Participant: 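One structure, pasted below without further comment.
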Amino acid sequence: MEKRVEPVINDSTESELMGVIAAVFAVIITIVIFALWRRRVSVGHNVLLTGLCDAGKTLIYARLMHTKYVQTHTSVKENIGEAPEYNSSVKVVDIPGHERLRYKYFDKYKNSAKGLVYIIDSANIQKDIRDVAEFLYNLLSDSGMNKNIPVLILCNKQDQTLAKSSTVIKILLEKEMNLLRMTKTSQLEATDASSSNTYLGKAGKDFAFSQLDRKLDFAECSAFIKDADTPADIEPLTSWLTKLV
């Protein structure tokens with residue numbers, strides 16, 4: 001009759017086994033933490049304030065940070081600040097509006113964007129319509145920006161006599177962006193070149209913001225008011241920031 005030999009596990013073997021288990025557990029925890037971090041980065045945490053020079057971006061940024069009027073100048077670099085009063089998970093980034101800087105800083109922050117605010121000078125929109133529409137067109141068609149990022153087109157300077165309403169500005173932008181789309185498409189076909197930008201809207205139809213596969217809203221505000229008894233009206237923006245997820 002054969003004798004059954006029981007395996008003998010001494011203290012040294014048991015310690016080595018526990019060490020292996022602890023190492024495997026540590027690797028699993030590291031992988032989980034890294035995955036969660038990557039997910040957080042991909043979602044983004046910055047709200048980008050964009051638009052042409054003199055649209056009021058930096059003043060609106062200052063209103064968000066300090067709730068009061070401050071003298072501002074044309075930005076030559078980004079301004080960054082936290083806005084915990086509106087959304088504890090975001091930082092506000094004021095992107096310079098100068099044509100030589102705007103795309104450089106947009107490219108720098110677009111991959112970490114949680115939301116995009118495009119600020120328009122409502123009083124000068126007809127004079128600047130081409131530049132306003134082209135910059136907005138390029139931002140919305142940029143393939144590097146997540147399509148799930150909500151966009152707010154904020155029509156500033158509504159307190160000025162010549163200011164156009166958001167409804168009128170929307171119509172003006174749709175007409176101009178439709179022309180831009182035709183021009184850009186013709187240029188690509190003529191040069192047989194490819195573009196990193198996506199096609200905006202539906203082919204065969206005039207461009208309309210309602211055709212875009214993203215959440216996009218129009219709102220009005222007045223950030224320039226200096227009178228202490230008449231507070232600036234940026235409530236549509238603060239409400240939008242509060243709801244931003």
Side-chain angles (χ1 to χ4, degrees), residues 42 44 46-57 74-76 78 93-157 164-220:
S42 65
N46 292 324
V47 173
L48 311 185
L49 301 184
T50 61
L52 303 188
C53 286
D54 299 323
K57 298 184 306 300
T74 300
S75 300
V76 295
E78 76 275 48
V93 183
D94 169 27
I95 302 292
H98 193 282
E99 59 184 348
R100 294 183 180 179
L101 300 173
R102 63 181 69 148
Y103 293 108
K104 170 187 174 181
Y105 284 98
F106 174 71
D107 288 342
K108 179 179 179 180
Y109 290 100
K110 66 184 180 182
N111 292 328
S112 62
K114 188 184 187 74
L116 176 71
V117 181
Y118 190 76
I119 301 169
I120 294 174
D121 181 343
S122 302
N124 291 313
I125 181 62
Q126 289 184 300
K127 178 174 69 71
D128 298 333
I129 185 61
R130 174 74 183 189
D131 291 339
V132 172
E134 184 167 20
F135 188 24
L136 178 60
Y137 185 99
N138 290 336
L139 296 184
L140 295 178
S141 63
D142 192 304
S143 59
M145 192 175 76
N146 192 326
K147 289 185 177 181
N148 294 324
I149 294 173
V151 175
L152 177 66
I153 299 178
L154 191 61
C155 304
N156 190 27
K157 303 187 182 182
K164 300 297 182 184
S165 69
S166 59
T167 302
V168 172
I169 291 174
K170 180 179 180 181
I171 294 172
L172 292 173
L173 284 174
E174 287 180 333
K175 290 181 178 179
E176 190 65 31
M177 291 175 73
N178 186 60
L179 295 175
L180 275 170
R181 186 177 63 176
M182 294 170 59
T183 301
K184 290 178 180 292
T185 302
S186 298
Q187 289 174 344
L188 287 174
E189 292 175 350
T191 58
D192 193 27
S194 60
S195 173
S196 60
N197 290 356
T198 58
Y199 184 87
L200 285 185
K202 295 183 179 179
K205 293 186 177 182
D206 289 343
F207 173 80
F209 287 105
S210 60
Q211 299 167 0
L212 301 182
D213 187 23
R214 69 164 70 244
K215 180 174 175 53
L216 186 146
D217 298 299
F218 277 78
E220 300 176 355

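Note that the structure is a prediction, hence the values are computed from the model and not measured.
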Participant: Would you say that Leu212 contacts Lys147 through its side chain, given a criterion of any heavy-atom pair below 4.5 Å between the two side chains?
Facilitator: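 Leu212 vs Lys147: side chains apart.
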Participant: Taking Thr50 for its side chain and Ile119 for its backbone only, find out whether a donor-acceptor pair lies under 3.5 Å.
Facilitator: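 The answer is no, because no donor-acceptor pair under 3.5 Å joins these two groups.
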Participant: Taking all atoms of both residues into account, what is the closest heavy-atom pair of Ala133 and Glu176, and its distance?
Facilitator: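 Minimum heavy-atom separation between Ala133 and Glu176: CB-CG, 3.5 Å.
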Participant: In Å and rounded to the nearest 0.5 Å, what is the CD1 to CG distance from Ile120 to Leu136?
Facilitator: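 Here the interatomic distance stands at 6.5 Å.
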Participant: Looking only at heavy atoms, which two atoms of Ala55 and Asn156 are closest? And how far apart?
Facilitator: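 Ala55 and Asn156 have their closest heavy atoms at O-ND2, 3.0 Å.
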Participant: So Glu174 and Gln211, side chain to side chain contact (heavy atoms under 4.5 Å, CB included) or not? Walk me through it.
Facilitator: CA-CA 11 Å; Glu174 287 180 333; Gln211 299 167 0; over 6 Å; no
Participant: Compare all side-chain heavy atoms of Asp121 with those of Lys127 and state whether any distance is below 4.5 angstrom.
Facilitator: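 No, too far: nothing below the 4.5 Å cut-off.
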Participant: Closer than 3.5 angstrom, by distance alone: can the side chain of Asp142 be matched with the main-chain N or O of Gly144 as a donor-acceptor pair?
Facilitator: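 Such a contact is found between Asp142 side chain and Gly144 backbone.
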Participant: Rounded at 0.5 Å granularity, tell me how far CG in Leu49 sits from CD in Glu78.
Facilitator: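 Answer rounded to 0.5 Å: 12.5 Å.
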Participant: Minimum heavy-atom separation for Cys53 and Gly97, please, with both atom names.
Facilitator: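 That would be SG-C, 3.4 Å.
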Participant: Return the CZ to CG distance between Arg102 and Asp107, rounded to the nearest 0.5 Å.
Facilitator: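 Here the rounded value is 12.5 Å.
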Participant: Going by heavy atoms in the side chains, are Glu99 and Phe135 under 4.5 Å from each other?
Facilitator: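 Sidechains of Phe135 and Glu99: no contact.
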Participant: Do the ring centers of Tyr103 and Tyr105 come within less than 6.0 Å of each other?
Facilitator: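 Not under 6.0 Å, so no.
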Participant: When you look at Ile169 and Glu220, which way does the side chain to side chain contact (heavy atoms under 4.5 Å, CB included) test go after all the steps?
Facilitator: CA-CA 10 Å; Ile169 291 174; Glu220 300 176 355; over 6 Å; no
Participant: May I have the step-by-step check of side chain to side chain contact (heavy atoms under 4.5 Å, CB included) for Asn138 and Phe106, ending in yes or no?
Facilitator: CA-CA 11 Å; Asn138 290 336; Phe106 174 71; over 6 Å; no
Participant: What's the separation between atom CZ in Phe207 and atom OH in Tyr137, rounded to the nearest 0.5 Å?
Facilitator: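 One finds 8.0 Å between CZ of Phe207 and OH of Tyr137.
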Participant: If I compare all heavy atoms of Tyr118 with all of Val132, which pair ends up nearest, and what's the gap?
Facilitator: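 Where Tyr118 meets Val132 most closely, the heavy atoms are OH-O, 2.6 Å.
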Participant: Taking the side chain as every heavy atom from C-beta outward, state whether Leu140 and Met177 have any atom pair closer than 4.5 Å.
Facilitator: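 Counting from C-beta outward, Leu140 and Met177 do come under 4.5 Å.
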Participant: Say you draw a straight line from CG of Leu173 to CD1 of Ile129; how long is it, rounded to the nearest 0.5 Å?
Facilitator: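 Atom-to-atom, Leu173:CG and Ile129:CD1 are 4.5 Å apart.
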Participant: For the pair Lys170 (side chain) and Ala208 (backbone), establish whether a donor and an acceptor sit closer than 3.5 Å, ignoring hydrogens and angles.
Facilitator: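 Answer holds: no.
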Participant: Run Leu172 and Gln126 through side chain to side chain contact (heavy atoms under 4.5 Å, CB included) and show every step you take.
Facilitator: CA-CA 8 Å; Leu172 292 173; Gln126 289 184 300; 4.1 Å; yes
Participant: Which heavy atom of Asn146 sits nearest a heavy atom of Asn148, and at what distance?
Facilitator: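 Reported closest heavy-atom pair: OD1-N, 2.8 Å.
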Participant: How far does CD1 of Ile149 sit from CG of Leu48, to the nearest 0.5 angstrom?
Facilitator: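 Result: 7.5 Å between the selected atoms.
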